[in-house]
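Quick note on labels: first sequence line is chain A, next is B, and so on, each numbered from 1.
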Amino acid sequence: MHQTLISSLISVYISCGCSNLASQLLKEIPCWDFDLISANVIIVAFMKIGESDIAKKVFDDMPIRDVVSWNSMIGGFVKNGRFEEALRVFQQMLSLNNEPDAFTFASLIKGCAQLGGRDHAQWIHALLIEKQIAINYILGSALIDMYSKCGRIETAKEIFETIQRNYVSVWNAMINGLAVHGLALDAIALFSRMVLEKVSPDCITFVGILTACSHCGLIELGRKYFDLMSSYAIQPQLEHYGAMVDLLGRAGHLDEAYAIVQEMSMEPNVVIWMAFLSACRTQKNSHMGEVAINKIETLKSGDYVLLSNIYCSANKWDSAERVRDTMKKNGVRKNSGKSWIEMAGVIHQFKAGDKSHLEREAIYKVLEGLIRRTKMEGFIPTKELVLMDVSDEEKEENLNYHSEKLALAYGILKSSPGTAIHITKNLRTCLDCHCWMKVVSKILYRVIVVRDRIRFHRFEGGVCTCGDYF
DNA sequence: GTAGGGTTAG
């Protein structure tokens, strides 16, 4: 069979979801002597379905490669969450004197954003400048996104100010960056500026604005911007409804959140019901929680945990037990959490149940302290994120305990920029401390234990904000 | 003919 035909066939099989046929076809070819473009097509196709090993094999066997081959490998690895391998390919590319281009960097920057590693980020950015690659709107958006996810919102802002801002995606990246940093008012201010500069917001802009409101509990503003969408002829999508349900639910307006779900012009999906379910848990409303859970057709492990948590909150231990039994019976496995940490340039990975952290107890203490403060100062708990990993046994002991604590800790970090007491140290000094770092929503925070003093550090633009909690 | 960016949730 002609090689071009084979590569097209593989591509078609994969786009139709018949990946088995594609792999089989590849195996049956006695000798891989694809021309350049056919091989590239095959690499892209297998990367698309997550078969990076097959793609790698094809790539390794190529007698000649061009920049598209390299970029397909690097981009493919990044898409499949294998950034280390993407970096390895990139280094190989450089060592063989192949020149990277804007496509190469776009993938690498995205990889850094996923990982939240600031040293890698800086290296890639420096290299981009060294190679004198013009920063177009795609690279600009990617850079802004990368720096905000690495905890360097100030650097993200600097980049934003220096690049061409006539594309909506650049604004979206910046608005979303501010939103995840808990800077909702800045995000809203940027929206106004965007309108002044005559760039039309799109549906993603509103997702950013609504999530910003949701993170900070700005109900009135959330409602206002949700209504504003229609004046830009943007129909609310599932994502916007989701943000509203999240916002209203967290603030305790369960009925209004439920009304939104019912008024939706499309069928609510699992994400919407999950947001609602999550709100039911926070509000300790097991009745509404059951309504939500009944709607969720395909239960994932997380949904069971949420329902069980609702019962725990309402002291309905029997019901909680029943849910957990069902879980076991159905053979539901909990998703094991994973997190990444960059320390002195090295990326460390942690898995749930990983008990190798000597300072785990101290971290708990910090979080408990944060909860006390949160309750005292009346902050609204925002998103629930896994700040650190605990074993399944510990989760079993008290399902509610862990997530509640993390939610509150996250809430205080996001909703109180004034909490940090003083700005003392720079990044380098902190790296010298005996410390423990965690990635919170891809923003770098550190919990530092020095002689029984527990500190929480947040990094932004190379400046470390420290706060004492004990 | 093949490669790149910006979203929520967990």
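Whole-Å rounding puts the I204(A) CD1 to dT7(B) C1' distance at 6 Å. In this structure, D202(A) atom CG and dT8(B) atom P are separated by 14 Å, rounded to whole Å. Q114(A) has its CD atom 16 Å from the C1' atom of dG10(B), to the nearest Å. Per the geometry, CD1 belonging to I74(A) stands 11 Å off C1' belonging to dG4(B), to the nearest Å. dT2(B) atom P lies 20 Å from atom CD1 of I64(A), rounded to whole Å. The NZ-C1' distance, from K110(A) to dT7(B), rounds to 12 Å in whole Å. Regarding F46(A), its CZ atom lies at a distance of 15 Å from the P atom of dA3(B), rounded to whole Å. One interatomic measurement links the two molecules: CE of M244(A) to C1' of dT8(B), which rounds to 14 Å at whole-angstrom precision.
Proximity of a side-chain donor or acceptor of N98(A) to a complementary backbone N or O of V67(A) within less than 3.5 Å is not detected.
Considering only the side chain of V68(A), dA3(B) comes nearest among dA3(B), dT7(B), dG1(B). Comparing atom distances between the S141(A) side chain and each of dG6(B), dG1(B), dA3(B) picks out dG6(B) as nearest. Among the nucleotides dA3(B), dG4(B), dT7(B), the one closest to any side-chain atom of V67(A) is dA3(B). The side chain of V168(A) approaches dG6(B) more closely than any other nucleotide in the set dT2(B), dG6(B), dG4(B).
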**Request:** Dump the intermediate steps for salt bridge (charged side-chain N to carboxylate O under 4.0 Å, His left out) on R223(A) and D227(A), then the final yes or no.
**Result:** CA-CA 6 Å; R223(A) 285 195 191 112; D227(A) 293 339; over 6 Å; no
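Here D66(A) lies out of heavy-atom contact (under 4.0 Å) with every strand. Residue contacts shown for Y137(A) include a base, since a base heavy atom lies under 4.0 Å away. V44(A) comes within contact range of the sugar-phosphate backbone alone, with a heavy-atom separation under 4.0 Å but no base atom that close.
For the OP1/OP2 pair of dG6(B) and a distance below 4.0 Å, the side-chain nitrogens and oxygens of N176(A) include no atom meeting the criterion. Contact check, K79(A) against dA3(B): no side-chain N or O comes under 4.0 Å of OP1 or OP2.
Annotation: side-chain hydrogen bond (donor to acceptor under 3.5 Å, both in side chains) contacts involving residues 132-144 of chain A, sequence neighbours excluded, comprise S141(A)-S169(A). For the side-chain hydrogen bond (donor to acceptor under 3.5 Å, both in side chains) condition, the pairs that include at least one residue of residues 191-204 of chain A, sequence neighbours left out, are E161(A)-R193(A), N172(A)-D202(A), R193(A)-E197(A), D202(A)-T205(A).
Taking a cutoff of 4.0 Å between a charged side-chain nitrogen and a carboxylate oxygen, D60(A) and K56(A) qualify as a salt bridge. We find that R88(A) and E85(A) are not joined by a salt bridge, their nearest charged nitrogen and carboxylate oxygen being 4.0 Å or further apart.
Atom OH in Y225(A) sits 14.0 Å away from atom NE2 in H240(A) (nearest 0.5 Å).
Proximity of residues 97-107 of chain A to DNA chain B (heavy atom under 4.0 angstrom from any strand atom) is restricted to D101(A), A102(A), F103(A), A106(A), S107(A).
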